[in-house]
Asks: 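Once you've had a glance at the structure underneath, I'll fire off some questions.
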Amino acid sequence: MIAHIHPTLLSGTIPAIASKSVAHRLIIVAALANGDTHIKCNTTCADIDATIRCLTALGAKIDAVDDGFMVKPMPKSVAFGLLRALHHATLDCGESGSTLRFMLPVACALGAEAIFVGSARLGERPLSPLSEELIAAGCELEGLGGFPLKTSGRMRPGRFELPGDVSSQYITGLLLAAPLLDHPSEIVVNGRIESRPYINLTIQAMQTFGVDVYVDRRTPGDGTEVTVFTTEDDTYRTPHEATVEGDWSNAAFWLCAGALGRLPIKVDGLSLSSAQGDRNVLAALSRFGARIGRSTDAAISRPDKLCGFEMSAKDIPDLVPIIAAVASVAEGRTVITDCARLRIKESDRLATVAKELSNLGAQIQIKRDALIIDGVPQLIGGTVDSHNDHRIAMMAAIAASRCENDVYIKGAEAVNKSYPLFFDHYQKLGGMVELTQE
């Protein structure tokens, strides 16, 4: 699909969609719990659907209702005395890295003889060192490095060790799986943990379902930071109802659009106390010079003179595309460091952000694992490719509001991965977009 955008500034009020990060976690633990749960979730997307598809393959029953999902957990097992995975189940993860990295340890903890499949790009994304930890714990993984990926054997409890600079999704997967094991387990993370807010979301979801995670930060004699997460061999206990909060990652696109325009944009349905790391978009926009407003359940961004600055992407890698778009028209230079993790997203986001913003007229370059952006008064416009990456497609659409000429986004359907309503909401805020088949 091609999105043909006629440049116009956006303004108005939009509702936040459900956080897919929170939805993944709550739906998984609900499917592992001791009773039915009503998950209130105001929207879905391809990634959430992938997690539901995998849990259904393992025996859970998940039905869509008007305001979310009713989750009936997996059946009990006579053999294990806990939740039972269906043998030879096929788990289709689509393009969702979260689904694969969360469900792989869960399937191994359940003793599932499962077959994981998904998109070619997802199969190429790394699973090491998570895969080595699962193998060391007694599981067999056949087909690593692509799909199909077959699992067999049941994961033993014990000590799991990971470096802090790997994907936080590995840590989340092990945390979600740990209560399913026969004895308490600990996950030891060496070094500073990148994307730490996502782990906090996992702990929060587990606590909602009655499982506590104990966190101990240590500093050995060499000064290296070590974090130990300990869980009991406990049972997920349903609260009967849980709510998926509004999504800061996608709200960030509209808040950044507000900073780029002439009138404010307000996003309703956001928690200002959320554990979501991408809530830091407000701090980033403030540093650019935009005027930020906050209320109990909403955030507002107003335009002002924007100036570049230097920031780290360690804890907020998903914000980099849209922050780079703002930087493209901010006065002076913006430097975004610690971007290595962007290379293993849905696209090589370090390369695709630079390439596609450059296609629109931005002055942007890659230096090692950093983006260096020299702002220009106005972008030119032109044709960009989403590279089947939802955040690249949305970045280009927001950047189009500051272009002199029309913008054409090839592969615009990539937004369905996280935000199927994106172009509907774009039009609601005054955007002029025509969608056609390629």
Side-chain angles (χ1 to χ4, degrees), residues 17-75 83-110 112 114-119 122-123 147-149 151 169 172-173 175-177 179-180 198 201-202 204-206 208-209 236 238-247 249-250 346 390 413-421:
I17 63 170
S19 166
K20 75 182 180 78
S21 296
V22 175
H24 281 304
R25 290 159 170 81
L26 288 179
I27 293 171
I28 288 172
V29 294
L32 300 171
N34 64 343
D36 297 358
T37 307
H38 176 199
I39 301 292
K40 299 180 75 173
C41 183
N42 68 358
T43 53
T44 188
C45 63
D47 278 11
I48 295 173
D49 293 344
T51 290
I52 290 172
R53 192 164 57 238
C54 291
L55 292 166
T56 300
L58 291 176
K61 188 173 186 297
I62 304 175
D63 294 319
V65 294
D66 288 344
D67 61 348
F69 305 97
M70 282 299 304
V71 181
K72 186 177 181 63
M74 300 172 194
L83 304 171
R84 178 182 61 84
L86 301 180
H87 290 298
H88 307 297
T90 297
L91 279 64
D92 182 359
C93 300
E95 298 178 350
S96 175
S98 296
T99 301
L100 174 60
R101 290 162 174 172
F102 296 172
M103 290 303 305
L104 182 59
V106 167
C108 289
L110 294 168
I115 302 169
F116 285 85
V117 298
S119 71
L122 179 58
F147 290 127
L149 172 62
T151 70
Q169 293 173 348
T172 284
L175 282 171
L176 293 173
L180 307 176
Y198 288 102
L201 289 178
T202 304
Q204 190 176 75
M206 295 172 70
T208 298
F209 281 75
Y236 286 116
T238 178
H240 303 294
E241 184 174 283
T243 300
V244 178
E245 64 181 72
D247 184 69
S249 298
N250 285 314
E346 286 81 350
H390 55 137
E413 69 277 4
V415 301
N416 294 330
K417 178 179 172 64
S418 66
Y419 201 162
L421 294 173

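What you see is a predicted model, and the numbers here were worked out from it, not measured in a lab.
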Asks: Quick one: CD1 on Ile39 to CG on Asp67, what's the gap to the nearest 0.5 Å?
Replies: 10.5 Å
Asks: If we ignore hydrogens and angles and just use 3.5 Å, is the side chain of Thr43 paired with the main-chain N or O of Ala18 as donor and acceptor?
Replies: yes
Asks: Show the numbers, then the answer: is there a side-chain contact (heavy atoms from CB on, under 4.5 Å) between Leu122 and Glu95?
Replies: CA-CA 6 Å; Leu122 179 58; Glu95 298 178 350; 5.5 Å; no
Asks: Pairing donors with acceptors under 3.5 angstrom, does anything connect the side chains of Ser98 and Gln169?
Replies: yes
Asks: Tell me, do Ile115 and Phe147 make a side-chain contact under 4.5 Å, heavy atoms counted?
Replies: no
Asks: Please check this pair: side chain of Thr238 against backbone of His240, looking for a donor-acceptor N/O pair closer than 3.5 Å.
Replies: yes
Asks: Step by step, would you call Cys41 with Phe69 a side-chain contact (heavy atoms from CB on, under 4.5 Å)?
Replies: CA-CA 7 Å; Cys41 183; Phe69 305 97; 4.1 Å; yes
Asks: Does a side-chain heavy-atom distance below 4.5 Å link Phe209 with Pro239?
Replies: yes
Asks: Examine the side chains of Asp47 and His390 and answer whether a donor and an acceptor come within less than 3.5 Å of each other.
Replies: no
Asks: Between Met103 and Ile28, is a side-chain contact (heavy atoms from CB on, under 4.5 Å) present by the stated rule, with each step listed?
Replies: CA-CA 8 Å; Met103 290 303 305; Ile28 288 172; 4.1 Å; yes
Asks: Given side chains that start at C-beta, do those of His38 and Val71 come closer than 4.5 Å, heavy atoms only?
Replies: no
Asks: Hey, could you give me the CG/CD distance between Asp36 and Glu241, rounded to the nearest 0.5 Å?
Replies: 13.0 Å
Asks: Once you round to the nearest 0.5 Å, how far does CG of Leu26 lie from OG1 of Thr243?
Replies: 8.5 Å
Asks: Is there a side-chain contact between Phe116 and Leu104 in this structure, where contact means two heavy atoms from C-beta onward sitting under 4.5 Å apart?
Replies: yes
Asks: Which atoms form the tightest heavy-atom contact between Ser418 and Pro420, and what is the distance?
Replies: C-CD, 3.8 Å
Asks: My understanding is that only one of Leu176, Thr208, Asn34 makes a side chain to side chain contact (heavy atoms under 4.5 Å, CB included) with Tyr236; could you say which?
Replies: Leu176
Asks: Any side-chain to backbone donor/acceptor pair from Thr151 onto Ala114? Under 3.5 Å, distance only.
Replies: yes
Asks: Any chance you could measure Ile27, atom CD1, to Ile52, atom CD1, to the nearest 0.5 Å?
Replies: 4.0 Å
Asks: On a heavy-atom basis, which atom in Ala31 and which in Ala60 lie closest, and how many Å separate them?
Replies: CB-CB, 3.9 Å
Asks: Counting distance only, does the side-chain N/O of Asn416 pair as donor-acceptor with the main-chain N or O of Glu413 below 3.5 Å?
Replies: yes
Asks: Kindly compute the distance separating OG1 (Thr51) from CZ (Phe102), expressed to the nearest 0.5 Å.
Replies: 7.5 Å
Asks: Quick one: closest heavy-atom pair of Ser19 and Val244, and the distance?
Replies: O-CG1, 3.3 Å
Asks: Can you confirm whether Leu175 sits close enough to Met206 that some side-chain heavy atom of one is under 4.5 Å from a side-chain heavy atom of the other?
Replies: yes
Asks: So, does Arg25 use its side chain to make a donor-acceptor pair with the main chain of Tyr198 at under 3.5 Å?
Replies: yes
Asks: Under the side chain to side chain contact (heavy atoms under 4.5 Å, CB included) test, which residues partner Ala50, sequence neighbours left out?
Replies: Arg53, Ser96, Thr99
Asks: Taking Thr172's backbone N and O only, do any of them form a donor-acceptor pair with Thr202's side chain (distance below 3.5 Å, no angle check)?
Replies: no
Asks: Provide the closest heavy-atom pair for Cys93 versus Cys54 in the form atom of the first, atom of the second, distance.
Replies: SG-SG, 4.0 Å
Asks: If you round to the nearest 0.5 Å, how far is CG of Asp49 from CG of Asp92?
Replies: 11.0 Å
Asks: List the steps and the verdict of salt bridge (Lys or Arg N to Asp or Glu O under 4.0 Å) for Lys417 and Glu346.
Replies: CA-CA 10 Å; Lys417 178 179 172 64; Glu346 286 81 350; 3.2 Å; yes
